[in-house]
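Before any comments, here is the structure.
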Amino acid sequence: MDPPQQAVYDREQDPVAFSYFTHFEEYQKLSTRFLEIVEDQEQNEEAYNAYRRMAMILDSYQEQSYLLDPFLEKMMNPLLQKFKDRARRMVEGKASYDRKMWQGLPSLIHHLIKTRGAKTAVRFFPHTTEDLEVALAYLSTQDATEPMNWETRYIVLLWLSLVAMLPFDLAQFDGENPGSTFERLEIAGKNNLDKAGLEREGAALLLTRLYARL
């Protein structure tokens, strides 16, 4: 590594050197390209390299993650919209889970959550009543024994925990089975409480907010 490159690297590894999110433009260019190719298996390597660079940028702000706040909505919304669109396509049978393909979208969303913290990041998640059925159905498509999709399960549990806070009557989704929506949410939470990873935190948050409705 030549001296100029070393200097850039050193600055990026030293979070106290930052007073502003100076990498925003680079990050956004990478993110835009990433969203264009992340589901294209033929461009999986390019998508992964873009992710690695974005992850490096985020990691360099780990100790000063509040610097991302003015940009967080622009950083998260396109990712979350694509995540929601994919969830809907999966539920409708228009997309499928490929175990051989790196799941880059949930990986990047999780990295943003890890950097800024779930409490702050979750504010940008989709949160309308129609999201309840999409998120619940999407979670049911995720194999709980598959280690490669834990990030997806964690994100959906956070998503459901946010929707569960909305002031609406769960019974409107019950159909002919009174209490079934509450029960489905409760089962979704309890089924992930025994996980060793972050799914357990997402599940605990979902159940806490669900029981607060009682």
Residues Glu133, Arg184; criterion salt bridge (Lys or Arg N to Asp or Glu O under 4.0 Å); working and verdict: CA-CA 10 Å; Glu133 279 295 339; Arg184 289 168 66 202; 3.1 Å; yes

Positive for side chain to side chain contact (heavy atoms under 4.5 Å, CB included) with Ser161, one of Leu205, Thr208, Val156: Leu205

Side-chain donor-acceptor pair present, Tyr61, Thr22, cut-off under 3.5 Å: yes

Residue of the set Ile109, Asp59, Leu198 for which side chain to side chain contact (heavy atoms under 4.5 Å, CB included) holds with Lys114: Asp59

Side chain proximity check, Tyr66 to Thr120, heavy atoms < 4.5 angstrom: no

Side chains of Phe21 and Ile57 in contact at under 4.5 Å (non-hydrogen atoms): yes

Distance, nearest 0.5 Å, that separates CZ of Arg116 from CG of Leu67: 9.0 Å

Closest contact, heavy atoms only, Asp174 versus Gly179: OD2-N, 2.8 Å

Glu186 to Leu210 - nearest heavy-atom pair and separation: N-CD2, 3.5 Å

Ring geometry between Tyr211 and Phe182 (parallel below 30°, tilted from 30 to 60°, perpendicular above 60°): tilted

CD1 on Ile37 to CG on Asn44, rounded to 0.5 Å: 8.5 Å

Sole candidate of Gln142, Glu199, Glu146 that passes side-chain hydrogen bond (donor to acceptor under 3.5 Å, both in side chains) when paired with Arg153: Glu199

Whether Lys74 side chain and Pro70 backbone form a donor-acceptor pair below 3.5 Å: no

Exceeds 12 heavy-atom contacts within 6.0 angstrom, atom CD of Glu25: no

Within 45° cone of Phe168 ring axis and under 6.0 Å: Arg213 NZ or CZ: yes

Any donor-acceptor N or O pair under 3.5 Å, side chains Asn77, Gln81: no

Beyond-backbone contact of Leu185 with Leu170, side-chain heavy atoms, under 4.5 angstrom: yes

Leu58 vs Met75 side-chain heavy atoms within contact, under 4.5 Å: yes

CD (Glu183) with more than 12 external heavy atoms under 6.0 Å: no

Contact summary for Arg86 and Ala95, nearest pair of heavy atoms: NH1-CB, 3.9 Å

Residue pair Pro126 / Trp159: nearest heavy atoms and the distance that separates them: O-NE1, 3.0 Å

Basic-acidic side-chain contact under 4.0 Å: Arg53, Glu26: yes

Heavy-atom pair of closest approach, residues Thr129 and Phe173: O-CZ, 3.4 Å

Non-hydrogen side-chain atoms of Phe71 and Gln28 separated by less than 4.5 Å: no

Centroid-centroid under 6.0 Å between Tyr48 and Phe34 rings: no

Heavy-atom pair of closest approach, residues Val163 and His127: CG2-CA, 4.4 Å

Interatomic spacing from CG in Leu68 to CG in Leu112 - rounded to 0.5 Å: 7.5 Å

Residue pair Pro106 / Gln103, side-chain heavy-atom distance below 4.5 Å: yes

Arg33 and Glu36 ion-paired at < 4.0 Å: yes

Donor-acceptor pair, side chain of Ser31 and main chain of Tyr27, under 3.5 angstrom: no

Side chain to side chain, Leu105 and Leu35, heavy atoms closer than 4.5 Å: yes

Gln172 atom CD: more than 12 heavy-atom contacts under 6.0 Å: yes

Side chains of Asp131 and Thr128, donor plus acceptor under 3.5 Å: yes

Heavy-atom check, side chain of Val38 versus side chain of Tyr51, under 4.5 Å: no

